[in-house]
There are 2 protein chains.
Amino acid sequence: MSEQVEFRHLKYIVAVAEAGNFTRAAERLFLSQPSLSKQIKDIETEIGVQLFERHRDGVYPTPIGQMVVDYAVATLYGRTHVFKLAKEIFSGTIPPLRVGFSCFVNSRHLQTFRSLYAKHFPLCSVQLSGGDTVHILQRMERGDLDCAVLCLPIAGPKWVVEHIASTPLVACMRTDDPLSERTEVGLQELVPRLTVFRDPDGHPAAHARLLEMLAAANSSVHVSCTAATPHDIQLLVRDGYGIALVNEDMPLESDMAIRHLYGVQWTADTAFVYSSDSGHPALPHIQRHFYKRNTETVRKQPQADRPQLSLKFDITA
Amino acid sequence: MSEQVEFRHLKYIVAVAEAGNFTRAAERLFLSQPSLSKQIKDIETEIGVQLFERHRDGVYPTPIGQMVVDYAVATLYGRTHVFKLAKEIFSGTIPPLRVGFSCFVNSRHLQTFRSLYAKHFPLCSVQLSGGDTVHILQRMERGDLDCAVLCLPIAGPKWVVEHIASTPLVACMRTDDPLSERTEVGLQELVPRLTVFRDPDGHPAAHARLLEMLAAANSSVHVSCTAATPHDIQLLVRDGYGIALVNEDMPLESDMAIRHLYGVQWTADTAFVYSSDSGHPALPHIQRHFYKRNTETVRKQPQADRPQLSLKFDITA
DNA sequence: ATAGTCCAATACTTCCTGTCTATGGCAAAT
DNA sequence: ATTTGCCATAGACAGGAAGTATTGGACTAT
């Protein structure tokens, strides 16, 4: 039924809608008016729907016609951009992708991203640079970075956020800590000693969300030590300043142990982020791949009986 | 550059990728093999990118080719569905849209939805039915409803959720309540008298989220009265059972007053929801319109200094 | 009234191009 | 060495998109 509709027709439909007049639309298309009229009419009879109302004072899309016009604009845009991107990738004229990352993101996610990119864009190089989340976001806003792998939550409509992974939050303590003899530790016995945190300034939204999750569990903590890197956090824990909540997959240094939490199921989340008005042509394609990977694997929702809280969402959004 | 690429080519590209072989792809397309070969080759030279690697044991898409194949599949799918939808709307063969709604959703959102639908699909009718959120979701899952206008949070990957509106949460009390003399009420003086709530069974996730927001403000409440409708909530408040948290735009009955909260900025959110595997062809188009309306108006993020918490997200997701 | 203007639709011709058949080339299998 | 399977090339042909010329309808100005 729609098999006969070609890109040519979409171009004609858009032109007529914009010009509001067959004659001027034909001029703009460097086409004769009869040819344009016929093509539009052919399509209308082909799909069995009137797309335009011809009045003496102009040609207006019908409501359905307007829907088709919207579709046509999007589709024409998609075509030019896919093939533009393909050519840029093929010729290597695509600029190097500048990727930021938070040091709290496990390096395997960076490797996943990197191999995904290398697989799809073998001629294209990647420039990595680490930093705290706020700084990375600032640099993306300035246009100094194209995208980033960061810890959620990331707020606001200006970012495109594609979830990559969830990791349980666990307690990080010394191996000689009495609590390390348990296989799991309860929140109530943990909270009084929970004093080591990620630097709130590095990612205020994540800090606020963590405090909110603690509040939801009727726990209030005393934030006495903060650190800007996983290494520093373990330094503080090793030196006896307290216990920290860390990602289960954080690279563990010597004399450090992690224990799961009992009674709650808290997770931290990693995401691929880029500016919604970013110009780099590879980003939507990469995002689409992460999206596919998500929709294929997310099926198995565990639905545990323990309260599942996640750092995923920014509660101030 | 990509101007020469037609839907025909996209079909050919997909067929070759699926058949892994020019000859068999041509058979499947009821086309001669040379014609197919030539068309693919023409496109490759036209856009300047090799899409397929011809090996002795088969034809494989290059990485860029795979990207184009993905694009082609999506674009072909889009074309058939847009015109199928257009025809169904035009001929009135589109079935009536069965819309569910929660009674806590302000009726103006239903009217917005209704006028949007009527504007785009004038020949198509709407069947409205109200109920509590859980019930509406169940009916959508069973296929008895096509879509719904509900209060967030709505969890899970099986729902497509498009945000419609945010409304401040306010305290609902009797007009003769001492607190009603203030222009704003503080959470600390409010919480001890906050005893009237929406029925938790009607929307467990929203109830849990509200309790979490209260916990985040170091407040724990005693849920002594619950009601299933805004009317019943006001009934309980009028009869002196306590104060309720309600949407600012809830239709107010006589002797009832609402007061904003001081120190926090809490909001409840309304969304357009439908099943991600729903077959009704109008839904993606409606969603697209809400999405457009959002992206056009959301620019002005207030960024107040008060803590902004929202019922928007399901924290157990 | 009537001529003039504007615009879409129709009739017919031209020419481009997508498809076909036939064939060549190449590598692996027998 | 021959056969087989597959893709590329060459030349002929037909379908249809676009062009030119024209008609027809509706409004306007004199």
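To find a chain, count down the sequence lines: A is the first, B the second, and so on, and within it residues start at 1.
A/His285 and A/His289 have perpendicular rings, their planes meeting at more than 60° on a 0 to 90° scale where under 30° would count as parallel.
Which of D/dC7, C/dA9, C/dT19 sits closest to the side chain of B/Ser35 comes down to C/dT19. Comparing atom distances between the A/Asn21 side chain and each of C/dA8, D/dC6, D/dA21 picks out C/dA8 as nearest.
With rounding to whole Å, B/Arg56 atom CZ is found 11 Å from C/dC26 atom P. Straight-line distance from the NE2 atom of B/His9 to the C1' atom of C/dT19: 12 Å, rounded to whole Å. Following rounding to the nearest Å, A/Tyr12 (OH) and C/dA8 (C1') show an atom-to-atom distance of 17 Å. Whole-Å rounding puts the B/Glu27 CD to D/dC7 P distance at 11 Å. Distance, B/Glu6 CD to C/dC16 P: 18 Å, rounded to whole Å. To the nearest angstrom, P of D/dA17 lies 16 Å from NZ of A/Lys41. The distance from atom CD of B/Gln4 to atom C1' of D/dA17 is 14 Å, rounded to the nearest whole Å. Here C/dT19 presents its P atom at 11 Å from CD1 of B/Ile40, a figure rounded to the nearest Å.
Contact between the side-chain N/O atoms of B/Gln33 and the OP1/OP2 oxygens of D/dA8 is not found at any separation under 4.0 Å. When the side-chain nitrogen and oxygen atoms of B/Arg24 are compared with OP1 and OP2 of D/dG5, none of them lie within a distance under 4.0 Å. Considering only side-chain N and O atoms, B/Lys38 lies nowhere under 4.0 angstrom from the phosphate OP1 or OP2 of C/dC20. Contact check, B/Thr23 against D/dC6: no side-chain N or O comes under 4.0 Å of OP1 or OP2.
Counting non-hydrogen atoms under 4.0 angstrom, A/Phe52 reaches nothing in the nucleic acid. Among the atoms of the strands shown, base atoms are found under 4.0 Å from some heavy atom of A/Ser32. B/Arg54 comes within 4.0 angstrom of the backbone, heavy atoms only, and of no base. Residue contacts shown for A/Leu36 are absent, as no nucleic acid heavy atom lies under 4.0 Å away.
Rounded to the nearest 0.5 Å, atoms CG (A/Leu76) and OH (A/Tyr71) are 8.5 Å apart.
Among the candidates A/Gln39, A/Lys41, A/Gln33, the single residue satisfying the side-chain hydrogen bond (donor to acceptor under 3.5 Å, both in side chains) test with A/Ser37 is A/Gln33.
Between B/Pro34 and B/Asp42, the residue anchored nearer the 5' end of DNA chain C, judged by the nucleotide with its closest heavy atom, is B/Asp42.
A/Thr62 places a side-chain N or O within donor-acceptor distance of the main-chain N or O of A/Gln50, the cut-off being under 3.5 Å.
Atom CZ of A/Arg288 sits in a crowded spot, with more than 12 heavy atoms from other residues, nucleotides or ligands closer than 6.0 Å.
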